[in-house]
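So the structure is just underneath, and the comments pick up after that.
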Amino acid sequence: MDNQAELPVTPASRFDIDLVVNGTRHRLAVDARTTLLDALRNRLHLTGTKRGCDLGQCGACTVLLDGRRINACLTLAIMARGHAITTIEGIAADGELHPMQTAFVEHDALQCGYCTPGQIMSAIGLLAESRGTDDATIREHMSGNLCRCGAYTNIVAAVRDAAARDA
Amino acid sequence: MLAFSYAAASDTASALTLAGAGSGGAFIAGGTDLLQLLQEAVIAPRCLIDINMLPLSDVRVEHGSARIGALTRLSDVADDPRIRGEFPLLAQALAETASPQVRNMATVGGNLLQRTRCLYFRDATVPCNKRQPGSGCPARDGLNRINAIFGGSEHCIAAYPGDMAVALIALDAELLVQNTQGERRISLADLYRLPADTPQQETTLAPGELITAVLLPPNNAAQHSHYLKVRDRASFEWALVSVAVALDMDGSHVHQARIVAGGVGTKPWRLARVEEMLQGGRLTPHLTRQAGDCAGDGAAPRAGNAFKVPMLQRAVERALLTAGGVA
């Protein structure tokens, strides 16, 4: 993180910030109220990160901040300045799907797909936490992501499978 | 969201200055509750003071005592092997708090100060004495399934929703609080106020004061503690009833018992009567049932939350059986 240099120590309502998303630095003018989710979708046009509830309850907006999963709707863009943000658009490498994306495709771990980017980012975050990969652990630690289609059975299978390949 | 300004504090002194009298400022750290309150126009601070740059996010454990910086993320406390070893009750309560994403963001200090989930407080279109003093309390005769059965007043029956504070009070936690005059140390149990006729005043913190650390004394109950959370779904849900049990035991003999309940009080609710029944006794299924039976003494349930009385009684009994290794 490198935000110390331009710490906004005086109260203001608009700021020029650097957002580092998927390895690319973007200079943005934002309102103090702009959430990270709004900055990603409306300003950077990275619309893979979804808006569901805007209250941290559904997990559709899950992204990684410095490698840890968070809800992009519950943080302000200004607070994410300088941190490394990873979205669903940033996980495939050289045209190859991320293994978690492949597992979701192979296990048909979705119906409408709206929650899927959040599910995948959350699952990548989960594997990085090394918590074990039995079904009960996966279910408990994927509880921050809702799927209204009810694809949970296949989501658990996909995460389990990706974890086994990751090991 | 209503307009607000924002500033990042570079150190504690500048945070306290920015939050000084008349600033209309609110501290923001994890932001997980604050953003919800802003999104729904429940609060309207003039300025948000970001304290994430302050050096308050470390966990120290020495000679059995712990000092947890107020900016430590809940997941970092829950996963800390020293906390899991010395204070398993705390680790357990945190593991059952919110979701993994929220635990990665939310801080210890902010979690203690989270606002109630009362439906009327969270809906800016209806009256609420806590949000708008004097406007009335629709919860008393309205949808009060999640509201408090202890500590309410005619003005407010909003339940304190958190898990961590319940466990911390069972562990005799104290807080370090910083203000422009210096530092003070208070018992966590003394942080929370009853609503009485000023439900808008939830804590004993003065405006602009900052929680900097949670202090835990050595824990004699590490082998015999349990956090039981009863909720509408298996995970990522607030407690309808929760019970933190910390027993200092010698064999089956109970030296000291600390029993605190969540989801049932307008603040984390210490069950003194249950503690008295256990203290000096032998923890048998008979005693745990008797102790559970008196857990609802003094409750004042409303139409929608009377179920919490028997739920609390049996949750206390079950938590005692588990903590004592009797079950």
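Side chains are part of it too, since the values below use all heavy atoms of this structure and drop only hydrogens, waters and symmetry mates. Throughout, a chain's letter reflects where its sequence line sits, starting with A, and its residues are numbered from 1.
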Top contributor to chain A contacts, counting heavy-atom pairs under 4.5 Å, from B:Phe236, B:Phe4, B:Tyr6: B:Tyr6

Chain A contact via B:Thr32 - side chain, backbone, both or neither, heavy atoms under 4.5 Å: both

- prompt: Where on B:Ala3 is there a heavy atom nearer than 4.5 Å to chain A: the side chain, the backbone, both, or neither?
  reply: both

task: Let me know if B:Arg233 has heavy atoms under 4.5 Å from chain A in its side chain, its backbone, both or neither.
output: side chain

field: A:Cys73 portion near chain B, given a 4.5 angstrom heavy-atom threshold
entry: backbone

field: chain A contact via B:Ala29 - side chain, backbone, both or neither, heavy atoms under 4.5 Å
entry: backbone

message: Under a 3.5 Å cutoff, is there a donor and acceptor pairing between the side chains of B:Gln178 and B:Thr12?
response: no

- request: Go through A:Leu65, A:Asn145, A:Asp31, A:Leu55 and name the one with the most non-hydrogen pairs under 4.5 angstrom from chain B.
  value: A:Leu55

query: Counting distance only, does the side-chain N/O of B:Arg131 pair as donor-acceptor with the main-chain N or O of B:Tyr120 below 3.5 Å?
result: yes

- prompt: Counting only heavy atoms not in B:Gln132, do more than 12 fall under 6.0 Å of its CD?
  reply: no

query: What part of A:Gln57 is in contact with chain B, defined as an atom under 4.5 angstrom from a non-hydrogen atom: side chain, backbone, both or neither?
result: both

- request: Output the option from A:Thr10, A:Thr75, A:Asp54, A:Leu126 having the highest count of non-hydrogen pairs under 4.5 Å with chain B.
  value: A:Asp54

- request: Examine whether an atom of A:Arg131 lies under 4.5 Å from a heavy atom of chain B, and if so say whether it belongs to the side chain, the backbone or both; otherwise answer neither.
  value: side chain

- request: Against chain A, label B:Met1 side chain, backbone, both or neither, depending on which of its atoms sit under 4.5 Å from a heavy atom there.
  value: both

Option that, when pairs with chain A are counted at under 4.5 Å, heavy atom only, ranks first among B:Asp79, B:Leu38, B:Leu48: B:Asp79

B:Gln36 versus chain A, the contacting section by heavy-atom distance below 4.5 Å: both

field: Pair A:Asn154, A:His107: side-chain N/O donor-acceptor within cut-off below 3.5 Å
entry: no

- prompt: When you check the side-chain N and O atoms of A:Thr24 and A:Asn22, is any donor under 3.5 Å from an acceptor?
  reply: no

message: For the interface with chain A, which of B:Ser23, B:Pro100, B:Ala95, B:Gly31 has the highest count of heavy-atom pairs at distances below 4.5 Å?
response: B:Pro100

task: Apply the salt bridge (charged side-chain N to carboxylate O under 4.0 Å, His left out) test between B:Glu96 and each candidate in B:Arg231, B:Arg103, B:Lys229; give the one that qualifies.
output: B:Arg231

- request: Identify which one of A:Thr116, A:Val63, A:Thr49, A:Leu64 satisfies the side-chain contact (heavy atoms from CB on, under 4.5 Å) criterion when paired with A:Met121.
  value: A:Leu64

query: Using 4.0 Å as the upper bound for N to carboxylate O, is an ion pair formed by B:Arg115 and B:Glu40?
result: no

field: B:Gln114 side chain to B:Pro161 backbone, donor-acceptor under 3.5 Å
entry: no

- prompt: Taking every heavy-atom pair that is under 4.5 Å apart, which of B:Ile49, B:Asp50, B:Leu34, B:Asp33 has the most such pairs with chain A?
  reply: B:Asp50

field: Interchain contact, B:Asn104 with chain A, by part (heavy-atom threshold 4.5 Å)
entry: both

field: Option among A:Gln101, A:Arg69, A:Gln119, A:His98 that satisfies the side-chain contact (heavy atoms from CB on, under 4.5 Å) test with A:Ile124
entry: A:His98

